[in-house]
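The sequence lines fix the lettering, A, B, ..., with proteins before strands; numbering per chain opens at 1.
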Amino acid sequence: MAIPYNHHEVESKWQGIWDQEKAFATSTDYSKPKFYALVEFPYPSGQGLHVGHPRPYTALDIVARKRRMQGYNVLYPMGWDAFGLPTENYAIKNHIHPRIVTKNNVARFKDQLHSLGYSFDWDREINTTDPEYYKWTQWIFLKLFKAGLAYKTEMPINWCTSCKVGLANEEVVNGVCERCGSEVVRKVKSQWMLKITEYADKLLEGLDGVDYIEKVKVSQKNWIGKSTGAEVDFQLAGKEDKLRVYTTRPDTLFGATYMVISPEHPLIDKYQAEIKNYADVIAYREMAARKSDFERTELAKDKTGVQIDGLSAINPVNGKEIPIWISDYVLMSYGTGAIMAVPAHDERDWDFAKKFGLPIIEVVAGSPVPVQEQVFTDVQTGILVNSEFLNGLSVADAKKKIIEFLEEKGIGTSKTNFKLRDWVFSRQRYWGEPIPIVKCEKCGFVPLDESELPLELPEVESYMPTDNGESPLAAMTDWVNTTCPCCGGPAKRETDTMPQWAGSSWYFLRYTDPTNKDALASKEALKYWLPVDWYNGGMEHTTLHLLYSRFWHRFLYDQGVVPTPEPYQKRTSHGMILGSNGEKMSKSRGNVVNPDDIVQDYGADTLRTYEMFIGAFDLSAAWSEDGVKGCRRFLERVWKLQDILVDGDAYSADLETKMHQVIKKVSLDFETLKYNTAIAAMMGLINEFYKKNSITKAEYKTFLILLNPVAPHITEELWQAVGFEGRVYQQTWPNYDEAKTVESTVEIAVQINGKVKTTIMIAKDEAQADAIAKAKEALGDKLTGNIVKEIYVPGRLVNIVAK
RNA sequence: GCUGGCAUGGCGGAAUAGGCAGACGCAAGGGACUUAAAAUCCCUCGGUGGCAACACCGUGCCGGUUCAAGUCCGGCUGCCAGCACCA
């Protein structure tokens, strides 16, 4: 009898051996086929590892381990995305330097990850807060600046009242701060911006060539929000100026019965003298400005507005004079900040027209309900009416024709717009990468010379952000006052720092060559390793990190720094692990599970197996301690296989088919995120061994190799315990023979009129006539009536249709 | 509202390409072992009826295609995620 399974001993023993043997070191032999597996590096928070972390890490660890056994040179790295607000807030509260906090948290995280037996190459560990790392983050920023893609501008930003920091649009969720949930208000500040909008088209097109799960592609497309339409100029009645609008429905131009400009539109100030109800208009503008984002989005349904008395516009195609309104349903930040309203064929315009009694003119026919009663927005079936030269055309044809017309007359032009906004890149915080720019009275914004990098964070007395919106660095006059790299005169350093997304926008490049002093990575390393073959991460990063890093990568490609236009060939996403009550784990709900406890009580192999068996990888799953026990039970049964081991260099005859089937299933399922069914197949196989009460050495070897990526410690121990040579991680992944995955004799269903009546055993390739004859014989006197049809699907069934 | 996805036992979930629905695991019930419990092992486990052989029903709802539908088509309902006054 085997000694009892002691996971403490087994796991610490093998973790030590792997470290000592450098079992998972990445080779720098670039002649071998490569595989780059990547998981999102964690933010080392004070709470330590969450049970959610091991789900993606184990999934790609499985793929990485399997690929190594298949002969690939695998890069599976890990590092720390360590700049960020929680660390800084903790530092403020406890008066400890963020560097110390980070160091402690990283040490804890690393211990925890180590205890889970991941095959990360720890020699390539990186940390975004290491000056040798952020030197290159700053270097990329300088490249962006020199390329005209980084600029500083006064603009209203999203200001979190609690964090006292500006946020990117992507960080504002339902009008509140993504991180702390506090109210977000608009505040005008001078901010560094990155022109991600210049890359909107490239980021959109790039999606065509990569293998991302559909929902990620869809989310990115929505976020980029490309729309095509036209800009059209409306002459202001009796004035010099024209009012330019953007529309996606230029075909409905004849139906424009009024116009709307956004409350911030400059036209209002310009014509202050002519606007008879100027006071009312200004009052409306101020009311709109006071609305928070929350009010503007959540309470959006009810339309409000004021007609501008004294200004009107001329519809350029029919010469009709139409009124101009001001309303906050038109945004200054999109298009031209002004629209032509076609209430018959736009839902918002329809609501507005109904509320204020404005005329509704049908220009696209085909609505089952009169447009006075219901808006008609269908662009597939509608036919143009009341539109002179467009009458009778489809919407698509009318769009083409009207744009030709507008361009010919010089009153309009086709135009593409994006929802994507430029990226607010400034944070008024200490614990981030300093922006390597100085401001000189004479020369303006001047980049530091590359030789000055890294520009290190100075030591400060206080990390407290200030209420006036200045970074804590602003108080460091010694550091702030410097000389201009350009003219040598007095200059001031930029005191804002970069957002957390900076360091994570290029970290996968650094892993390929993590200690390079001369470049962010060598050309050879980048050429060999890129693109990342498989990147897994959370859905919450789809419009943040994933989009930002694609932007930076594409920029670096255009600069000739990296060899591929896209960073990631394949992107998958894991579901969340919820508490046992099906709710998100949180301290306040009291449903948090600590992975350390599971490793202590059941072992890392059990935790890994459980998290892979819990359900479909991309769906959220509720934690179940009973489920953990079930997986532990499975590993106990694996452990006891050594008691029924018998000699035999081949698979036993009655299990040969099963063995080949399971090798095939596990091999395929590991590649397609179906870890739960791969494990189920191995459970099924082990049940077969126990039914027979024996397992041959050949079967044992194959089984341990198949299970090894999931449960690496126990399989190594069992391999060694029975005296096999070498290590499991050094073995070759087993092959299966397709021909041997099918039994020569199979049980097939025998149906009458599609209902199963009995089953028979026949050869897998039995001839049709013989199969049907055998089926009829098995049915005997159950078969009554006239046979209308006989269907035989080899290996599946016989169906007799009788009346 | 728009976009994408999902809906299967008491529970988590299987089911290639239209071909025996419920693999695998959990929970539950029964039994063996034990002074006893735990652990372990064996059996049962979608519903209804039946001593049983077996019959009928059953994959959110309504309809369709087919010899055959969880799977395909049309129409709903509910849930999840993302976006949301983007003209």
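Note: Arg571(A) CZ to Thr542(A) OG1 = 6.0 Å, rounded to the nearest 0.5 Å. Separation of atoms CG (Asn687(A)) and CZ (Phe634(A)) is listed at 9.0 Å; rounding is to 0.5 Å. To the nearest 0.5 angstrom, His574(A) atom NE2 is 11.5 Å from Leu673(A) atom CG. Between Thr572(A) atom OG1 and Ile213(A) atom CD1 the span is 6.5 Å, to the nearest 0.5 Å.
Between Phe352(A) and Phe356(A), the ring planes are tilted. Angles from 30° to 60° get that label.
Relative to the side chain of Thr247(A), the nucleotides G82(B), C67(B), A87(B) differ in distance, and A87(B) lies closest. Of all nucleotides listed (A14(B), A87(B), C24(B)), C24(B) comes nearest to the side chain of Asn687(A). Listed nucleotides G25(B), A15(B), G13(B) differ in distance to Met683(A); the shortest reach to its side chain belongs to G25(B). Residue Asp328(A) has its side chain nearest to C85(B) when only C83(B), C85(B), G19(B) are considered. When the nucleotides A23(B), G13(B), C67(B) are ranked by their closest atom to the side chain of Ala680(A), A23(B) comes out on top.
Between Glu636(A) atom CD and U40(B) atom C1' the separation is 10 Å, expressed in whole Å. In this entry the distance linking CD1 of Ile224(A) with C1' of G82(B) reads 14 Å, nearest Å. Following rounding to the nearest Å, Arg244(A) (CZ) and A87(B) (C1') show an atom-to-atom distance of 16 Å. Rounded to an integer number of Å, the gap from OH of Tyr212(A) to C1' of G82(B) is 17 Å. Put simply, NZ on Lys674(A) is 17 Å from P on A23(B), counting in whole angstrom units. Here A39(B) presents its P atom at 13 Å from CZ of Arg632(A), a figure rounded to the nearest Å. Between the CG atom of Asn753(A) and the P atom of C20(B) there is a distance of 17 Å, rounded to whole Å. In this structure, Lys691(A) atom NZ and C42(B) atom C1' are separated by 13 Å, rounded to whole Å.
Straight-line distance between the P atoms of C6(B) and G18(B): roughly 15 Å, to the nearest whole Å. Separation of the C1' atoms belonging to G13(B) and G22(B) is 10 Å when rounded to the nearest angstrom. Here the separation of A55(B) from C72(B), taken at their C1' atoms, is 30 Å to the nearest Å. Distance noted for atom C1' between C42(B) and U35(B): 23 Å (whole Å). Taking atom C1' on both U77(B) and C62(B), the two are 10 Å apart, rounded to the nearest angstrom. When the C1' atom is compared between A17(B) and A68(B), the two are found 15 Å apart, to the nearest whole Å.
For the residue pair Tyr284(A) / Thr304(A), a side-chain donor-acceptor distance below 3.5 Å is found, with atom types taken as modelled. A donor-acceptor contact closer than 3.5 angstrom is absent between the side chains of Thr58(A) and Tyr675(A). For Glu40(A) and His545(A), the side-chain atoms include no donor-acceptor pair closer than 3.5 Å.
Within a 6.0 Å radius of CE in Met539(A), other residues, nucleotides and ligands contribute more than 12 heavy atoms. Within a 6.0 Å sphere centred on NZ of Lys355(A), heavy atoms belonging to other residues, nucleotides or ligands number more than 12. Other residues, nucleotides and ligands contribute more than 12 heavy atoms inside 6.0 Å of the CD atom of Glu583(A).
Nucleic acid contact for Arg637(A): sugar-phosphate only, since backbone atoms but no base atoms lie under 4.0 Å from a heavy atom of the residue. Within the 4.0 angstrom heavy-atom criterion, base atoms lie near Glu747(A). The residue Ser227(A) sits close only to the backbone: its heavy atoms come under 4.0 Å of sugar-phosphate atoms, none of a base. As judged by a 4.0 angstrom heavy-atom cut-off over every strand, Asp349(A) is placed among residues making no nucleic acid contact.
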With the criterion being N/O to N/O and under 3.5 Å, what pairs connect the protein with nucleotides 1-12 of chain B, and how long is each?
{"unit_1": "G12(B)", "atom_1": "O2'", "unit_2": "Ile614(A)", "atom_2": "O", "d": "2.7"}

Extract from the structure each pairing of a protein N or O with an N or O of nucleotides 72-79 of chain B at less than 3.5 Å, listing the distance.
none

With the criterion being N/O to N/O and under 3.5 Å, what pairs connect the protein with nucleotides 26-32 of chain B, and how long is each?
{"unit_1": "C26(B)", "atom_1": "OP1", "unit_2": "Arg633(A)", "atom_2": "NH1", "d": "2.6"}

Kindly give the atom pairs (protein nitrogen or oxygen, nucleotide nitrogen or oxygen) under 3.5 Å for nucleotides 55-59 of chain B.
{"unit_1": "C57(B)", "atom_1": "OP2", "unit_2": "Lys755(A)", "atom_2": "NZ", "d": "3.0"}

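In this structure, Asn676(A) reaches the A14(B) phosphate: one of its side-chain N or O atoms is under 4.0 Å from OP1 or OP2. Contact annotation: Tyr334(A) reaches the phosphate of A87(B) (side-chain N/O to OP1 or OP2, under 4.0 Å). Within the structure, every side-chain polar atom (N or O) of Arg796(A) is placed at least 4.0 Å from both OP1 and OP2 of G18(B).
With respect to Lys691(A) and Glu688(A), a salt bridge is recorded, a charged nitrogen being found less than 4.0 Å from a carboxylate O. Ionic pairing of Glu347(A) and Lys303(A) is not present here: no N-O contact between side-chain nitrogen and carboxylate oxygen is shorter than 4.0 angstrom. We find that Glu636(A) and Arg632(A) are joined by a salt bridge, their nearest charged nitrogen and carboxylate oxygen being less than 4.0 Å apart.
In terms of heavy atoms, Pro794(A) sits closest to Lys764(A) at CB-O, 4.0 Å. In terms of heavy atoms, Arg421(A) sits closest to Thr197(A) at C-CG2, 3.6 Å. When all heavy atoms are compared, the tightest approach of Trp350(A) to Ala344(A) is CD1-CA, 4.5 Å. Between Trp639(A) and Ile3(A), the shortest heavy-atom distance links the atoms NE1-O, 2.6 Å. Met340(A) and Leu253(A) get closest at one heavy-atom pair: SD-CD1, 3.3 Å.
Put simply, the side chain of Thr252(A) never gets that close to the backbone of Gly255(A): no donor and acceptor are under 3.5 Å apart. The main-chain N or O of Ala749(A) is never found under 3.5 Å from a side-chain atom of Thr759(A) such that the two would form a donor-acceptor pair.
Using a 4.0 Å cutoff on non-hydrogen atoms, no part of residues 658-666 of chain A comes near RNA chain B.
Note: Trp623(A) and Tyr610(A) meet the aromatic proximity criterion, with ring centroids under 6.0 Å apart.
Along RNA chain B, the nucleotide closest to Gln751(A) and the one closest to Ala616(A) are compared, and the more 5′ of them pairs with Ala616(A). Each of Tyr690(A) and Asn799(A) has a nearest nucleotide on RNA chain B; the 5'-most of these lies closest to Tyr690(A).
A syn orientation is assigned to G9(B), its glycosidic angle lying within 90° of 0.
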Checklist entry - In dot-bracket form, how is RNA chain B paired, counting a Watson-Crick or G-U wobble pair only if both its distances are under 3.5 Å and using | for bases paired to another strand? => result (((((((..(((......[....))).(((((.......))))).((((....))))..(((((..]....))))))))))))....
